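These notes concern the structure reproduced below.
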Amino acid sequence: QVQLVESGGGLVQAGGSLRLSCAASGRTFRTYAMAWFRQAPGKEREFVAGIGWSGRDISVVNSVKGRFTISRDNAKNTVYLQMNNVKPEDTAVYYCAADSRQFQIVVGPGGAYDYWGQGTQVTVSS
């Protein structure tokens, strides 16, 4: 069983920056592809960014491309989402997810994300 804990959310002004963190339990974290999703009020959960087990394969949704960066530090069992030039439409609860299949290279919304964190709220003001 994998436990994920997100942190770093909060209130930020449009154009500002924020870094989200996802701390994972267990040594098997290093073998899991990871991803960030978000869910805005009244909307369905949306894939934001994913990163393969090695950290070399990355995918980012078009709406945040060039603004958000996903990375991981396996030594710290942590995945990050660096959010730059945030916009009001980025307001959402951001969730960290882990693909329980080991050594996945391809990342994206179709991954087998069996583990989820509780989410961290990001609110962007105009």
Side-chain angles (χ1 to χ4, degrees):
Q1 187 72 229
V2 175
Q3 292 182 313
L4 306 173
V5 180
E6 302 96 335
S7 62
L11 178 64
V12 61
Q13 294 183 357
S17 297
L18 205 64
R19 189 179 77 161
L20 306 184
S21 298
C22 173
S25 65
R27 300 197 316 274
T28 52
F29 165 83
R30 301 194 309 272
T31 70
Y32 293 164
M34 303 291 294
W36 287 97
F37 289 77
R38 66 185 180 186
Q39 187 166 20
K43 296 184 179 180
E44 297 296 316
R45 185 179 60 197
E46 174 191 25
F47 173 83
V48 178
I51 186 166
W53 73 275
S54 70
R56 295 183 176 89
D57 297 281
I58 296 171
S59 64
V60 182
V61 71
N62 287 338
S63 60
V64 305
K65 187 176 181 180
R67 300 188 298 117
F68 292 6
T69 302
I70 186 171
S71 62
R72 67 190 297 162
D73 186 341
N74 286 347
K76 297 182 178 180
N77 271 25
T78 302
V79 176
Y80 303 97
L81 185 68
Q82 179 65 48
M83 306 167 62
N84 296 327
N85 191 25
V86 295
K87 302 176 180 180
E89 52 262 43
D90 295 322
T91 295
V93 177
Y94 284 71
Y95 297 93
C96 179
D99 189 326
S100 62
R101 300 172 299 172
Q102 298 185 68
F103 308 113
Q104 293 299 300
I105 297 175
V106 177
V107 295
Y113 300 109
D114 296 322
Y115 303 102
W116 297 83
Q118 295 299 305
T120 184
Q121 176 70 49
V122 173
T123 302
V124 182
S125 62
S126 301

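Numbers for residues simply follow the sequence, beginning at 1. The analysis underlying the following values was restricted to heavy atoms, covering all of them including side chains, and did not include hydrogens, waters or symmetry mates. Please read these numbers as outputs of a predicted model, since none were measured by experiment.
- Counting only distance, with no hydrogens or angles, the side chain of N77 and the backbone of G26 share a donor-acceptor pair below 3.5 Å.
- Looking at residues two or more places apart in sequence or on another chain, you find no side chain to side chain donor-acceptor pair (under 3.5 Å) involving E89.
- To the nearest 0.5 Å, the span separating OG1 on T69 from CD1 on I51 amounts to 10.0 Å.
- Side-chain contact between L20 and Y80 is absent, with no heavy-atom pair separated by less than 4.5 Å.
- Counting all heavy atoms, side chain and backbone alike, N85 lies closest to G15 at OD1-CA, 3.6 Å.
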(request) Quick one: do F29 and V2 satisfy side chain to side chain contact (heavy atoms under 4.5 Å, CB included)? Show the steps, please. (result) CA-CA 8 Å; F29 165 83; V2 175; over 6 Å; no
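- A heavy-atom distance below 4.5 Å is found between the side chains of I70 and V79.
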Distance-only check: which donor-acceptor pairs under 3.5 Å involve side-chain atoms of residues 119-126, not counting sequence neighbours?
{"residue": "T120", "atom": "OG1", "partner": "G9", "partner atom": "N", "Å": "3.1"}
{"residue": "Q121", "atom": "NE2", "partner": "A92", "partner atom": "O", "Å": "3.4"}
{"residue": "Q121", "atom": "NE2", "partner": "T123", "partner atom": "OG1", "Å": "3.4"}

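- Hydrophobic clustering (side-chain heavy atoms under 4.5 Å, transitive across Ile, Leu, Val, Met, Phe, Trp, Tyr) groups L81 together with I58.
- For the pair S17/Q82, a side-chain contact is recorded, criterion being any heavy-atom separation below 4.5 Å from C-beta on.
- Residues V48 and V64 form a side-chain contact, since some pair of their non-hydrogen atoms from C-beta on lies under 4.5 Å apart.
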May I have the list of side-chain donor-acceptor pairs in residues 39-46 shorter than 3.5 Å, sequence neighbours left out?
{"residue": "Q39", "atom": "NE2", "partner": "K43", "partner atom": "O", "Å": "3.1"}
{"residue": "E46", "atom": "OE1", "partner": "R38", "partner atom": "NE", "Å": "3.0"}

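- Summarising the geometry, atom CG belonging to D57 is positioned 10.5 Å from atom CD belonging to Q104; distances are rounded to the nearest 0.5 Å.
- Partners of A98 by side chain to side chain contact (heavy atoms under 4.5 Å, CB included), not counting sequence neighbours, listed by chain and number: L4, Y32, M34, Y115.
- For F37, the ring pair (Phe, Tyr, Trp, His ring centres under 6.0 Å) partners are F47, Y113, W116, not counting sequence neighbours.
- Legend: salt bridge (Lys or Arg N to Asp or Glu O under 4.0 Å) pairs involving residues 62-79, not counting sequence neighbours, sorted by first then second residue: R67-D90.
- Linking Ile, Leu, Val, Met, Phe, Trp and Tyr whenever their side-chain heavy atoms come within less than 4.5 Å leaves Y95 and V61 in two separate clusters.
- Q118 CD: 12 or fewer foreign heavy atoms inside a 6.0 Å radius.
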